[in-house]
2 protein chains.
Amino acid sequence: MTETGAMRPTRQRTAVVEALETCGEFRSAQDLHDLLGRRGETVGLATVYRTLQRLVEAGEVDLLRTEDGEAIYRRCSTTHHHHLVCRGCGRTVEVEGPAVERWTRGVAAEHGFVEVSHTLEIFGTCAACAGRVG
Amino acid sequence: MTETGAMRPTRQRTAVVEALETCGEFRSAQDLHDLLGRRGETVGLATVYRTLQRLVEAGEVDLLRTEDGEAIYRRCSTTHHHHLVCRGCGRTVEVEGPAVERWTRGVAAEHGFVEVSHTLEIFGTCAACAGRVG
DNA sequence: GAGAGGTTGAGAACCATTGTCAACTCTGTG
DNA sequence: CACAGAGTTGACAATGGTTCTCAACCTCTC
Ligand SMILES: [Zn+2]
Ligand SMILES: [Zn+2]
Ligand SMILES: [Zn+2]
Ligand SMILES: [Zn+2]
């Protein structure tokens, strides 16, 4: 029943974490699976999903959803933060906003909501991408 | 080629809009389909999806995603706002935060991002749902 | 009321994600 | 080392939300 299970170090888990590490940006499970395959590291798709799930639960990986609902993952710092993501190249900047955190808690409390969580993502075009076009 | 197509008034479209109107909260396409069925208004599931899609494109309906990626829809005011949503019953409060708007613009500018947009949703359990359980 | 073109719906198709389960791996013990 | 016990893996099946297909069906216009 304990959630603090073993989490044994296996070849597959190491491979997934490394793929996330070297990639650096948000990627889907399938992308990571393909990436591993091309790299010669054979890891079952189900295992990729399971590992990502574990990592998300452990707070070691951030999950967010694309416009069409697909889950994408990224190795992030473990403190609470949000993202500024470039629509063009995927470049991601982690941002923090204590004032925003306070505001969301206040709004929720004000309306009697408990067990509150929130999502906040900023999308835009980074300087490099903007320059490249016009 | 024009996107400003006809959008003819049909029994089905009227029914979907009315369902959204009387419901008032975020609901999935399937929920709305069931709701219509129980009400005696027979509308094909595909039609419900198509209609919602159109309404979202027209800005008349807000679309957001539950934590597990399912799309949910709601008839909202047309001004910029965010949502405080109950995970249990879907009850929704529209909220505005000028400070947050300013903050996101500032953060984006600070990192040289342009064409900035953002998403911000707060999820929780409303007082009614919390009371019902605990 | 006939033609042109948008609309509908039953069912198939799609596709990301999860479940199944027998084979396999790691770890500690004797 | 043998070995038991528990965690892990992966090919494959299954799930479930969403979209596609296409023939039949409305709606508007002339
Ligand atoms: Zn992050
Ligand atoms: Zn960029
Ligand atoms: Zn809204
Ligand atoms: Zn509620």
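Every chain is numbered from 1, with letters handed out A, B, ... down the list of sequences.
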Trainee: Would you kindly give the CD-to-P distance between A:Gln12 and D:dG7, to the nearest whole Å?
Mentor: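 To the nearest whole Å, that distance equals 17 Å.
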Trainee: Should B:Arg54 and B:Glu60 count as an ion pair when the cut-off is N to O under 4.0 Å?
Mentor: no
Trainee: Sub-3.5 Å donor-acceptor pair from the side chain of B:Thr66 to the main-chain atoms of B:Glu70, do we have one?
Mentor: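 Yes, B:Thr66 side chain to B:Glu70 backbone: donor-acceptor pair under 3.5 Å.
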Trainee: Tell me: CG of A:Leu55 to C1' of D:dT8, nearest whole Å?
Mentor: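 Going from A:Leu55 (CG) to D:dT8 (C1'), I get 15 Å.
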Trainee: Before accepting this row, confirm whether a basic side-chain N of the pair B:Arg91/B:Glu25 lies closer than 4.0 Å to the acidic partner's carboxylate O.
Mentor: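 No salt bridge links B:Arg91 with B:Glu25.
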Trainee: Could you give the CG-to-C1' distance, from B:Leu36 to C:dT8, as a whole number of Å?
Mentor: 14 Å
Trainee: Taking ring-ring contact (aromatic ring centres under 6.0 Å, His included) as the definition, give me every residue that meets it alongside B:His81, ordered by chain and number, with sequence neighbours left out.
Mentor: B:His83
Trainee: Taking protein heavy atoms under 4.0 Å as touching, what does nucleotides 17-30 of chain D look like 5' to 3' if B marks base contact, S marks sugar-phosphate-only contact and - marks none?
Mentor: SBBBB----BB---
Trainee: I'd like to know if the side chain of B:Arg27 reaches the main chain of B:Ile72, judged simply by a donor and an acceptor atom lying under 3.5 Å from each other, with no hydrogens or angles considered.
Mentor: no
Trainee: Tell me the interatomic distance from A:His33, atom NE2, to D:dC12, atom C1', rounded to whole angstroms.
Mentor: 13 Å
Trainee: Could you pull out every donor-acceptor pair under 3.5 Å between side chains of residues 32-42 of chain A and any protein atom, sequence neighbours left out?
Mentor:
unit_1	atom_1	unit_2	atom_2	d
A:His33	NE2	A:Val43	O	3.1
A:Arg39	NH2	A:Thr22	OG1	2.9

Trainee: What is the distance, rounded to the nearest whole Å, between atom CZ of B:Arg13 and atom P of C:dG9?
Mentor: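 Spelled out: CZ on B:Arg13 to P on C:dG9 is 11 Å.
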